[in-house]
Engineer: 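Please find one structure pasted underneath; my questions will follow.
In what follows, residues are counted from 1 in the order of the sequence shown. For ligands, and for the atoms within them, numbers begin at 1 and follow the listed sequence. The shown structure was predicted, so the numbers you read here are calculated from the model rather than taken from an experiment.
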Amino acid sequence: MRFTAEDIDGHEVARREALYGPLAEAVRELVDATIRTEVDAAAVQEVEATVRAATARLRDRQIDGAFGVRYTEDGRIMPWGNVVIGLRNPIAPPLTVHRERDRCWSEFTLGAAYEGPPGHVHGGICALVLDHVLGSASSPEKPNFTGTLTLRYRRATPLGPLRAEARIDRVDGVKTYVVGALSDSDGVTVEAEGVFILPVWAREGSTTTPT
Ligand SMILES: CCCCCCCCCCCCCC(=O)SCCNC(=O)CCNC(=O)[C@H](O)C(C)(C)COP(=O)(O)OP(=O)(O)OC[C@H]1O[C@@H](n2cnc3c(N)ncnc32)[C@H](O)[C@@H]1OP(=O)(O)O
């Protein structure tokens with residue numbers, strides 16, 4: 001498991017956010033435009049060549065494997081490759097998750113890139129979002145892992161503005177039970193409950209390391 005310390009200060013974190021955030025946002029727009037465009041064949045081929053050239057340019061210098069979770073000495077966490085919240089991940093909507101004591105919530109918009117049933121959010125994407133928001137609620141600091149996630153899809157979730165929220169129901173040793181829901185403006189579309197577990201390597205007195 002890749003947790004990497006970065007010897008950088010707040011200014012450097014901000015500089016990187018300002019550099020990579022707009023790139024990821026531009027690629028998100030590209031994905032949406034790729035799905036919805038109706039330009040002619042020549043234009044599609046021209047854009048394909050441009051995108052391939054841009055990809056090759058970025059690959060001139062890159063890390064091996066995934067981004068991992070990076071952190072600074074002063075406790076800033078940079079999960080920038082994360083598929084839900086990652087600043088550098090164009091697949092991430094991305095969500096901004098807010099916290100208040102034992103609750104977390106996020107308001108966000110899912111567009112064409114997240115479609116399953118026509119005009120509606122893919123069920124796996126609903127699970128992805130709820131897994132993350134419930135997991136975030138389960139622990140403000142230590143990294144809990146999803147043990148079991150149970151969902152009840154009450155009705156199809158339309159693409160567009162949505163809200164996900166979660167709160168701790170109870171804690172039993174290393175297990176935290178969390179409940180939550182995904183909603184649109186008409187109310188709940190998916191109910192969720194999850195058991196989030198502190199992995200062995202993060203438990204008090206553990207000498208094992210993340211694998
Ligand atoms: C770090 C910063 C990150 C920045 C991002 C922040 C956002 C974070 C949000 C991220 C959110 C997204 C998060 C993600 O995407 S996490 C990624 C998806 N999840 C996984 O990959 C988890 C894989 N599994 C494991 O790592 C382990 O099996 C875990 C850690 C789950 C348990 O470990 P271990 O197997 O060693 O446990 P134990 O033997 O000591 O048992 C302990 C207790 O737990 C009970 N139990 C065991 N398994 C399960 C189960 N599956 N359901 C229910 N209960 C279970 C067990 O009976 C016992 O209870 P009791 O008998 O004592 O009563």
Engineer: Distances under 3.5 Å, N/O of ligand 1 against N/O of the protein: list each pair and its distance.
Structural biologist:
unit_1, atom_1, unit_2, atom_2, d
ligand 1, 15 (O), Asp131, OD2, 3.4
ligand 1, 19 (N), Thr146, O, 3.2
ligand 1, 40 (O), Arg203, NH1, 2.8
ligand 1, 40 (O), Arg203, NH2, 3.2
ligand 1, 51 (N), Gly147, O, 3.0
ligand 1, 52 (N), Thr148, OG1, 2.7
ligand 1, 59 (O), Lys175, NZ, 3.2
ligand 1, 63 (O), Lys175, NZ, 2.6

Engineer: Is His132 close to Val97 at the side-chain level, that is, under 4.5 Å between some pair of heavy atoms?
Structural biologist: yes
Engineer: So for atom CZ, which belongs to Arg28, do other residues, nucleotides or ligands contribute more than 12 heavy atoms lying within a distance under 6.0 Å?
Structural biologist: yes
Engineer: Does atom CG of Asp60 have more than 12 heavy-atom neighbours, drawn from other residues, nucleotides or ligands, at distances under 6.0 Å?
Structural biologist: yes
Engineer: Closest approach of Ile91 and Tyr114, non-hydrogen atoms and distance?
Structural biologist: O-OH, 2.7 Å
Engineer: Between Thr176 and Ser138, do the side chains contain an N or O donor and an N or O acceptor separated by less than 3.5 Å?
Structural biologist: no
Engineer: Got a sec, which residues hit ring pair (Phe, Tyr, Trp, His ring centres under 6.0 Å) with His122, two or more places apart in sequence or on another chain?
Structural biologist: none
